[in-house]
There are 2 protein chains.
Amino acid sequence: MAKTTITDIAKKLGLTPSTISRALAGNPRIKIGTREAVEKAAAEMGYERNAVASSLRSGKAMTVGIIVPRINRMFFGNAISGAESVLNEAGYTVIICQTHEKVENEKNALKTLSMNRVAGILISHSIESADSSHIREALDSRSKLVQFDRVFYDLPGAKVVNDNFHGAYEATSHLLRMGYKKIGTLAGYMNVSCYKERLDGYFKALSDAGMSRDESLVYYGSILQETGRVSGKKAIEAGCDALYSAGDFSALGAVEAACEAGKNIPEDFGIVGTANEDFTSIMNPPLSSLDLNPYEIGRQAALAFLDGSDEVVKVKTELRERLSSKRNGNR
Amino acid sequence: MAKTTITDIAKKLGLTPSTISRALAGNPRIKIGTREAVEKAAAEMGYERNAVASSLRSGKAMTVGIIVPRINRMFFGNAISGAESVLNEAGYTVIICQTHEKVENEKNALKTLSMNRVAGILISHSIESADSSHIREALDSRSKLVQFDRVFYDLPGAKVVNDNFHGAYEATSHLLRMGYKKIGTLAGYMNVSCYKERLDGYFKALSDAGMSRDESLVYYGSILQETGRVSGKKAIEAGCDALYSAGDFSALGAVEAACEAGKNIPEDFGIVGTANEDFTSIMNPPLSSLDLNPYEIGRQAALAFLDGSDEVVKVKTELRERLSSKRNGNR
DNA sequence: AAAGAAATTGCAAACGTTTGCAAACATGGC
DNA sequence: GCCATGTTTGCAAACGTTTGCAATTTCTTT
């Protein structure tokens, strides 16, 4: 049994497909009576609009693509949920693509979305993406681009990001207030905007406290548990008594390193992570972390798409102070 | 600048759209020379096949929909990744829909996918889905259905599931071997196949150990951290010295309840969860858990779709024994 | 009651691709 | 040089919807 089409409905009611189309679209040019008759018939016949045909004719799919490094990170999972809530409400279907941090997958995803003539693309680029060139190439006048979290400022379109600078500033300041003296940082990669901004915020907090910029305290490329562990070990050996980590997984690794080095957290060693992953409150000790409000990031990205805005939206971060950084009094 | 179409290429080469279409599809009826010329021109002109038009004409979209309760559960995230790896390889685009465990969202997702004329639907139904009726209604002769993890056996199409019965049997037996005497279970909802099967496996292990079926040991509907905590407290008060939990989040809640009750894990109280979520190895103590191999589940589901198979595929579980259930010697 | 305006519906083309069938062309056997 | 066969390409319709414009009907107004 083939699906019923508007032509089927038209035949049954002695009307034409155009009228059916307009009636179902709520076009005011159609008499209220016929519209009701059409709706009734459509319901009875189990009509479902063919989104494919609709997209082809109108030249615009009611579909939005979301490209993220991976969906099983709390941050991206929630950002997607936030975007979905807005987009579904507005009648859009969402296609989600994972890049697994590979630029090659990112190119494929962009191509796939382009082939499907999506109305918009919400993207947070992979770590491998050194610059914006491949995204610019895939750009298309007919689909709107919105970047979030990890953005290239030289691309057109809206950008929704955290206030990473202030967040990292706050996290580092918190460690300073707790009396830690030599605070290192597990940084990410500098081609990725959010990591760059967090590093800047970290440095600003130290300089505001009268400390000079010390590159030897920065452990670049530490965003996984394993790299966090290795860098954490180095930081401890270098005499750090605290770390601000630009990610939670690397912070977890650093906690392990600290334990292995016989450090007491938070008495001997303090640490603050970023992203407020689920596991941070479960860890022993619970990990202080910078909450990035990913759901709101996703929501704002979707709204920017709907509005067609071209601005930079900043979403606040919130420091969740937990045991890993709260020692009693200073030393 | 509008996208180049096969008609554009045809004009440039003095051919017709049909030839271009066939050439790009690798149709052997086209002379090898012209095919190469077409490919060259297509590359030069930046041609990208319009997937929408292609779908409409051929009546079949190279798109597969995946419906899951939520994407930020390790299990579903990895299942999706597994399915994606197979489907992308085969040229399919994947649309992911979250139901957030609501049957209403599930209906909408089914409708959306149906409207988009997807070639197949991979689904793990929500907890709210009491029966298969709404899925059956949305069924369509042209799109293949594959259920995974949570399945209704009365629906047609392939089903990819864990060997939950044996997994739960193994987990419970492990607790018995460790010398726990009164083993309760945090069960899920009995309309959900995987939870039902796990409960059966749990009972079988107990009965094989000579214990009679005791419904008072079963705490239904315990799958979240909070419900796990409440049920865990009740179980402890009822004198249980161990729990097999059909989920990890509820196991986490039960661990909290045990700690609050002053129990030592694993000496006074043993616990095994299910799903091997990331946090299980981070917890204090690390939580024993039944690994469900979600990536393989997703892979198999995608393969079942591609093969058009109608069989039930069982994926093995693996018990990860950690500290939460490994006490020294029996009592 | 006639003319003009407004409301409602129909006509037909278009979106870009695929595909059955026919046509054109080349090749080979006799 | 003719017919049969095989190879390569073109024609035209179709997928189901949307939409500018025209046509028809109904309602106002004088």
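Lettering follows sequence order; numbering is per chain, from 1.
Within the 4.5 Å cutoff, side-chain heavy atoms of B/Arg150 are placed close to those of B/Tyr195. Inter-residue side-chain proximity for A/Thr93 and B/Leu113 is flagged as unmet; no heavy-atom pair is nearer than 4.5 Å. The shortest side-chain heavy-atom distance between A/Ile71 and B/Phe76 does not fall under the 4.5 Å cut-off. In this structure, the side chains of A/Arg49 and A/Leu24 stay at 4.5 Å or more apart for every pair of heavy atoms. Here the side chains of B/His100 and B/Pro69 are not in contact, with every heavy-atom distance at 4.5 Å or above.
Helix-axis bend for the helix from C/dA1-D/dT30 to C/dC30-D/dG1: the local axis fitted to the five terminal pairs at one end deviates from that at the other end by 50°, rounded to 10°.
With hydrogens and angles ignored, the 3.5 Å screen pairs a side-chain donor or acceptor of A/Thr112 with a backbone N or O of A/Asn108.
Mapping heavy-atom proximity under 4.0 Å, the span of DNA chain D touched by chain A runs 5' to 3' from D/dG16 to D/dC21.
Within 4.0 Å of A/Thr5, counting heavy atoms only, lie sugar-phosphate atoms of the nucleic acid but no base atom. Residue A/Ile20 is out of contact with every strand shown, counting any heavy-atom pair closer than 4.0 Å.
Each of B/Ser18 and A/Arg22 was matched to the nucleotide of DNA chain D holding its nearest heavy atom; the match closer to the 5' end belongs to B/Ser18. Positionally, the nearest nucleotide of DNA chain C for A/Ile30 lies more toward the 5' end than for the other of A/Ile30 and A/Pro17.
With rounding to the nearest 0.5 angstrom, the CD atom of A/Glu137 is 10.0 Å from the CG atom of A/Leu110. With rounding to the nearest 0.5 Å, the separation of CG in A/Leu15 from CD1 in A/Ile6 is 11.5 Å.
Taking the charged nitrogens against the carboxylate oxygens, A/Glu36 and A/Lys31 have no contact shorter than 4.0 Å, which rules out a salt bridge.
A/Lys11 places its NZ atom 16 Å from the C1' atom of C/dG10, with the value rounded to the nearest Å. What separates NZ of B/Lys31 from C1' of C/dA24 is a distance of 13 Å, to the nearest Å.
Ring orientation note: the planes of A/His125 and A/Phe152 are close to parallel, at an angle under 30° on the 30°/60° scale.
DNA chain D is contacted by B/Thr34, B/Leu56, B/Arg57 of residues 32-59 of chain B, taking any non-hydrogen atom closer than 4.0 Å.
No option in B/Lys102, B/Glu106, B/Glu101 other than B/Glu106 meets the side-chain hydrogen bond (donor to acceptor under 3.5 Å, both in side chains) test with B/Ser129.
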